[in-house]
Amino acid sequence: MGAGPLPSARLRRLTFPQLRTAHFLRVLEDAGHAVRPVLLVPPDAPAGEDAVPAEGPGWIEAVRARLAGADAVVTAGPYLPGLAACLAAAPEQPLWVDVPGDPFAEHHARVLAGDPDPARLAAVQAAAWPVLARADAFGVISHDQRLALLGQLGLAGRLALLGPDPPVHVVPVAFHFPGRPSRPRRRRAGEPLGLLVAGSFNTWFDGATLARGLDRAFARLPDLRLVVTGGAVPGLPEAPWRAFLDWAARWPDRVHVAGWVATSQLGPLLAGVHAGLSLDAPGVEPLLGSRTRVPWFTWMGLGTIATPVSELVREMAGAGLVEAVPPGDADALAVAVERLHRNAGLARQVERAADWLQQRFAPDRAARPLLRWLADPRPTPRLDG
């Protein structure tokens with residue numbers, strides 16, 4: 001099960017927001033498993049053989065009907081697939097639930113961004129309980145998140161039932177994205193340095209530090225340019241995105257805001273781009289999550305400036321594969337941009353990053369814990385209710 005687009009669950013039809021589903025489909029089918037996908041689609045989308053409108057009338061019953069006869073159930077992506085599977089799967093069906101990012105940490109980020117809502121916290125708790133009580137195995141995005149989930153299982157009373165080696169497994173972001181990987185982008189003599197901000201302006205992306213740091217970098221580097229793809233996310237506060245747009249309007253000749261763009265249409269926008277930016281706001285979410293956009297930058301042939309908070313980015317920074325800047329430090333960001341401006345070896349750094357990511361996070365390697373579990377999937381002791 002996963003979140004995905006209509007009309008088909010076939011791997012070739014999945015797009016950027018469904019990367020986790022695409023990853024699991026690829027490795028399960030390559031391993032010889034017969035996969036019958038069930039995609040959760042928006043409530044107003046039509047149902048289909050492989051599509052169920054999420055949280056619509058009778059949606060759990062519809063999921064249950066599609067899971068009938070499965071030898072095991074695997075979910076992909078946050079968070080509704082795991083909840084639906086835990087409510088719909090038969091008691092005898094072994095169930096692996098993917099938890100790629102901590103929902104409580106994401107709620108914490110919303111609180112820090114000025115969006116506290118006790119009802120939302122209650123909804124997060126209500127969605128987490130069936131997963132903690134029912135799943136037979138769990139996949140998480142990092143070792144840090146594994147520890148957090150073990151603590152949640154202990155608080156739920158489940159940890160004591162799971163034996164000396166609780167089935168909580170790390171399945172990191174796979175180094176595989178739509179399209180073919182790009183060669184490292186080489187900056188020609190006299191060419192402006194192009195930077196990219198891509199993806200969601202969510203509550204843990206630090207657009208304020210980005211703006212302050214680039215103000216200083218723009219003042220020092222007349223040939224610096226910025227391209228922005230992505231933007232606000234439905235259901236999350238839009239104020240950070242609006243504030244960023246107000247800032248971008250002050251630099252009309254230096255900043256190009258393209259908004260959400262299909263992956264297939266990125267080529268012309270990235271023609272003059274050499275590196276991507278990934279800045280985390282202070283908080284718990286960056287510590288427990290991953291940063292998909294960072295390996296994606298490498299896939300697209302770009303260097304990276306990033307805050308080394310998540311496990312993935314910390315490891316890349318330790319290997320000298322990204323320019324690391326402390327969270328919230330606009331001066332450090334400006335200095336990192338200047339350093340990148342002088343870096344004649346950026347293309348070689350990108351080559352090294354691609355080799356490192358391919359060795360550690362190729363799809364089949366990243367999903368080894370899932371494949372091992374599927375070799376002998378078994379129910380584990382569960383909580384009632």
S.K.: Indicate yes or no: at least one non-hydrogen side-chain atom of Phe201 is less than 4.5 angstrom from one of Val228.
M.R.: yes
S.K.: Checking side-chain contact (heavy atoms from CB on, under 4.5 Å) for the pair Phe361/Val173: CA distance, chi angles, key distance, verdict?
M.R.: CA-CA 7 Å; Phe361 303 122; Val173 171; over 6 Å; no
S.K.: About how many Å separate CG of Asp115 and CG of Leu112, when rounded to the nearest 0.5 Å?
M.R.: 11.0 Å
S.K.: Go through Leu288 and Val140 one step at a time and tell me if the side-chain contact (heavy atoms from CB on, under 4.5 Å) criterion holds.
M.R.: CA-CA 9 Å; Leu288 300 184; Val140 295; over 6 Å; no
S.K.: Where the side chain of Tyr79 meets the backbone of Gly101, is there a donor-acceptor pair that is under 3.5 Å apart?
M.R.: yes
S.K.: Please indicate whether Asp71 has more than 12 foreign heavy atoms, meaning atoms of other residues, nucleotides or ligands, lying under 6.0 Å from its CG.
M.R.: no
S.K.: Counting heavy atoms not belonging to Arg183, are there more than 12 under 6.0 Å from its CZ?
M.R.: no
S.K.: Under a 3.5 Å distance rule, please check whether Arg134 uses its side chain to pair with a backbone N or O of Arg382 as donor and acceptor.
M.R.: no
S.K.: Can you give me the closest heavy-atom contact between Pro184 and Ala347, atom names plus distance?
M.R.: CB-O, 3.5 Å
S.K.: Tell me the closest heavy-atom pair linking Ala353 and Leu321, and the distance in Å.
M.R.: N-CD2, 3.8 Å
S.K.: Is there a donor-acceptor contact under 3.5 Å from the side chain of Arg352 to the main chain of Arg348?
M.R.: no
S.K.: Measure from the side-chain N and O atoms of Gln145 to the backbone N and O of Val99, and report whether any donor-acceptor pair falls under 3.5 Å.
M.R.: yes
S.K.: I'd like to know if the side chain of Asp136 reaches the main chain of Leu95, judged simply by a donor and an acceptor atom lying under 3.5 Å from each other, with no hydrogens or angles considered.
M.R.: yes
S.K.: Within a strict 4.5 Å, meaning less than it, do heavy atoms of the Arg372 and His169 side chains meet?
M.R.: no
S.K.: Tell me whether Leu87 shares a hydrophobic cluster with Leu67, the cluster being built from Ile, Leu, Val, Met, Phe, Trp, Tyr side chains joined at under 4.5 Å.
M.R.: yes
S.K.: Rounded to the nearest 0.5 Å, how far apart are OG1 of Thr229 and CD of Gln265?
M.R.: 11.5 Å
S.K.: Please examine the side chains of Arg185 and Leu302, heavy atoms only from C-beta on, and report whether any two atoms are closer than 4.5 Å.
M.R.: yes
S.K.: Apply the test salt bridge (Lys or Arg N to Asp or Glu O under 4.0 Å) to residues Glu315 and Arg291: give CA-CA distance (whole Å), side-chain angles for both, the deciding distance (0.1 Å), then the verdict.
M.R.: CA-CA 12 Å; Glu315 291 184 1; Arg291 284 300 168 263; over 6 Å; no
S.K.: Of the non-hydrogen atoms in Leu333 and Gly213, which two are nearest, and what is the gap between them?
M.R.: CD2-CA, 3.9 Å
S.K.: Is Leu383 close to Trp129 at the side-chain level, that is, under 4.5 Å between some pair of heavy atoms?
M.R.: yes
S.K.: List the steps and the verdict of salt bridge (Lys or Arg N to Asp or Glu O under 4.0 Å) for Glu238 and Arg242.
M.R.: CA-CA 6 Å; Glu238 292 191 6; Arg242 291 196 298 268; 3.7 Å; yes
S.K.: Determine whether a donor-acceptor pair (N or O, by modelled atom type, separation under 3.5 Å) exists between the side chain of Thr304 and the backbone of Gly276.
M.R.: no
S.K.: Any non-hydrogen side-chain atom of Leu312 less than 4.5 Å from a side-chain atom of Ser142?
M.R.: no
S.K.: Within the distance-only criterion (no hydrogens, no angle test), does the side chain of Arg20 pair as donor or acceptor with the backbone N or O of Thr75 below 3.5 angstrom?
M.R.: no
S.K.: Counting only heavy atoms from other residues, nucleotides and ligands, does the tally under 6.0 Å from CD of Glu61 exceed 12?
M.R.: yes
S.K.: Which of these, His107, His108, Glu106, sits in a side chain to side chain contact (heavy atoms under 4.5 Å, CB included) with Val284?
M.R.: His108
S.K.: Working to the nearest 0.5 Å, report the span between CD of Glu191 and CZ of Arg225.
M.R.: 11.0 Å
S.K.: Do side-chain atoms of Arg365 reach the backbone of Gln359 as a donor and acceptor pair under 3.5 angstrom?
M.R.: yes
S.K.: Is there a side-chain contact between Val197 and Leu195, using heavy atoms and a 4.5 Å cut-off?
M.R.: no
S.K.: Using side-chain contact (heavy atoms from CB on, under 4.5 Å), reason through Phe205 and Arg293 one step at a time and then give a plain yes or no.
M.R.: CA-CA 12 Å; Phe205 182 81; Arg293 70 188 78 192; 3.5 Å; yes
S.K.: Can you tell me how far the CG atom of Leu287 sits from the CD atom of Glu311, to the nearest 0.5 Å?
M.R.: 9.0 Å
S.K.: Can you see which heavy atom on Ala330 is nearest to which on Arg216, and at what distance?
M.R.: CB-NH1, 3.6 Å
S.K.: In a check of ring pair (Phe, Tyr, Trp, His ring centres under 6.0 Å) between Phe175 and each of Trp296, Trp356, Phe297, Trp299, which one passes?
M.R.: Trp299
S.K.: Consider only side-chain heavy atoms of I, L, V, M, F, W and Y, link residues closer than 4.5 Å, and tell whether Val337 and Phe244 are in one cluster.
M.R.: yes
S.K.: Please determine whether residues Leu226 and Leu270 belong to a single hydrophobic cluster, defined as Ile, Leu, Val, Met, Phe, Trp and Tyr linked transitively by side-chain heavy-atom distances below 4.5 Å.
M.R.: no
S.K.: What closest approach, in Å, do Val27 and Leu371 show between heavy atoms, and which atom pair accounts for it?
M.R.: O-CD2, 4.1 Å
S.K.: When clusters are formed by joining ILVMFWY residues with side-chain heavy atoms under 4.5 Å apart, either directly or through shared neighbours, do Val309 and Val313 land in the same one?
M.R.: no
S.K.: Just how far is it from atom CD of Gln152 to atom CG of Leu147, taken to the nearest 0.5 Å?
M.R.: 11.0 Å
S.K.: Would you mind reporting whether Val255 and Leu214 have side-chain heavy atoms less than 4.5 Å apart?
M.R.: no
S.K.: Tell me if a side-chain donor or acceptor on Arg187 pairs with a main-chain N or O of Gly194 at a distance below 3.5 Å.
M.R.: no
S.K.: Answer yes or no: is there a donor N or O on one side and an acceptor on the other, between the side chain of Glu285 and the main chain of Thr203, under 3.5 Å?
M.R.: no
S.K.: Considering non-hydrogen atoms only, spot the tightest contact between Pro363 and His176 and give its length.
M.R.: CG-CB, 3.6 Å
S.K.: Using the rule that Ile, Leu, Val, Met, Phe, Trp and Tyr join whenever any side-chain heavy atoms are under 4.5 Å apart, tell me whether Phe24 and Val35 fall into a single cluster.
M.R.: yes
S.K.: A side-chain contact here means heavy atoms from C-beta on lying under 4.5 Å apart; do Leu80 and Glu55 qualify?
M.R.: yes
S.K.: In Å and rounded to the nearest 0.5 Å, what is the NE2 to CG distance from His23 to Asp364?
M.R.: 7.5 Å
S.K.: Go through the steps for Phe177 and Thr292 under the test side-chain contact (heavy atoms from CB on, under 4.5 Å), then give the verdict.
M.R.: CA-CA 10 Å; Phe177 298 93; Thr292 304; 3.7 Å; yes
